[in-house]
Protein chains: 2
Amino acid sequence: MARLCLVYRLLEELQAEGCVTVSSTQLGERLSMNSHNLRKDISYIGEVGNWGAGYEVARLKQAIGEKLGLARRRAACVVGLGDLGRAILDHAQRHPGAFVMAAGFDSNINKIETLKSSVPLFPAYQIPEVVRRLRIELAVITVPPSAAQKVADLLVEGGVCGLLNMTPAVIKAARPEVFLTNLCLTDELNMLSALITLNTKL
Amino acid sequence: MARLCLVYRLLEELQAEGCVTVSSTQLGERLSMNSHNLRKDISYIGEVGNWGAGYEVARLKQAIGEKLGLARRRAACVVGLGDLGRAILDHAQRHPGAFVMAAGFDSNINKIETLKSSVPLFPAYQIPEVVRRLRIELAVITVPPSAAQKVADLLVEGGVCGLLNMTPAVIKAARPEVFLTNLCLTDELNMLSALITLNTKL
DNA sequence: TTTGTGTTGTGAAAAAAATAACAGTCACGA
DNA sequence: TCGTGACTGTTATTTTTTTCACAACACAAA
């Protein structure tokens, strides 16, 4: 149910804009989705709309937040403080969501000491201990591909339950209850490339 | 057909490892997918396997590359040279795919002049012209959310055919033949959060 | 040669998702 | 008060995707 997450964020925006109620059609318009789909997704949450009139922004937002646990903020971390890792660490603090960046890791101890950051940084070998201590639940992996699997294992050992793997390496989570998203920029651009090719070949 | 893109990259790796043939089962194992699915995807390309024995790595790779246009490299650019944009610009050069980074854009002219980069940098208002001149087909958008739609319009005006929007803003492509992928890190982490919540609520 | 194992490609069945259709409800204005 | 228009939630239909099953084929060993 990825769409509901988008809806949730849109509702935050609408609330900031001072919007009090919205219809599924309006939501669909802003998210480029059709309203049928959204209504079906929302109905999965339960009955939260006003029959005949749209949804109360605040109420719908709260309902989704509760069901999907987006109100609570989980502790997150970034492993691999290269350009991309650092950028994400900063970025995630500027665009907050259902998480709080609580730590950064890197195998290069020099980096740990030199880098300035608003979150505490630790050497990579401390991953299991620190993850457990800080109750970190989410992790973004931005290490070199060859190290991705090892890092993932350490994270899972520490008790992480969600992994966002941004390396081109395809990795596996050691435990089945751990959720893993592979998100490689190269792949995304390749996909677009493929779509364009298929389209123009018509 | 996102899976075929993954297969393609895996085939490159296998080729580097000196592997000559693979079976669909082996591919599936390395990609954490089941072989049925892969075979069906591959069959869409045409008959490229050896009945009874697996696939020749080189041949399969070429077949996919041809069909999906992954052999040719399209020119790409990054708009918005903040931390994330710069990181992606570098990152994309280190992890090459079916594209070549050919330009960077930012509205802050100071930045353009100060930053050092291996690709030429331009002020944002030149987007349509430069995109057309360099025949840029792909673009990564890493500007502040409020500027995302305008930037997208400029890019499309220049003739870009694939957009990778990494801002939380939901944008639309002005022309229908332009492919758009919305890829927001916050959303990805929120999704993981939601999955964890739903899972633990069972 | 023959037998057995492993493989591809494809067609059929099952599952999931998207789309459409509609009954029931409310708000508002005449 | 009554009708009109707009909306939700749910059911039905279609489409897409995934999963399963199997015939056709190659290769190695006996």
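A, B, ... follow the sequence lines: proteins, then strands. Residue 1 opens every chain.
Salt-bridge formation is detected for the pair R9(A)/D187(B): a Lys NZ or Arg NE/NH1/NH2 atom is positioned less than 4.0 Å from an Asp or Glu carboxylate oxygen.
Atoms CD (E47(A)) and C1' (dT25(C)) sit 11 Å apart, rounded to a whole Å. Atoms CE (M1(B)) and P (dT17(D)) sit 7 Å apart, rounded to a whole Å. Here the P atom of nucleotide dT7(C) and the CH2 atom of W51(B) are 14 Å apart, to the nearest Å. Atom CG in N37(B) sits roughly 15 Å away from atom P in dG9(C) (whole-Å rounding). If you take CE of M33(A) and P of dT19(C), they are 11 Å apart, rounded to a whole angstrom. Computed from coordinates, the L60(B) CG to dT8(C) P distance equals 10 Å when rounded to whole Å. Between the C1' atom of dT8(C) and the CD atom of E56(B) lies a distance of 14 Å, rounded to the nearest Å. Spacing between atom CG of L4(A) and atom P of dA17(C) amounts to 13 Å, rounded to whole angstrom units.
In terms of polar N and O atoms assigned as donor or acceptor, the side chain of K40(A) comes within less than 3.5 Å of the base of dT11(D) in a complementary pairing.
Put simply, Y55(B) has no side-chain N or O that comes within less than 4.0 Å of OP1 or OP2 on dA26(D). The shortest distance between the side-chain N/O atoms of N50(B) and the OP1/OP2 oxygens of dA26(D) is not below 4.0 Å.
Within the 4.0 angstrom heavy-atom criterion, no nucleotide atom of any strand lies near S35(A).
A donor-acceptor distance shorter than 3.5 angstrom exists from the side chain of T186(A) to the backbone of H95(B), with no hydrogens or angles considered.
Of the listed nucleotides (dA27(C), dT10(D), dT10(C)), dA27(C) has the atom at the smallest distance from the side chain of A53(A).
Along DNA chain C, the nucleotide nearest to D41(A) and the one nearest to Q26(B) differ in position, and the one closer to the 5' end is contacted by Q26(B). Along DNA chain C, the nucleotide nearest to R3(A) and the one nearest to H36(B) differ in position, and the one closer to the 5' end is contacted by H36(B).
Taking 4.5 Å as the limit, every side-chain heavy atom of L192(B) sits out of range of all side-chain heavy atoms of L163(A).
In this structure, K67(A) forms a cation-pi arrangement with Y44(A), its terminal cationic atom sitting closer than 6.0 Å to the ring centre and no more than 45° off the ring axis.
K172(B) and Q149(B) share no donor-acceptor pair across their side chains, judged by distance under 3.5 Å alone.
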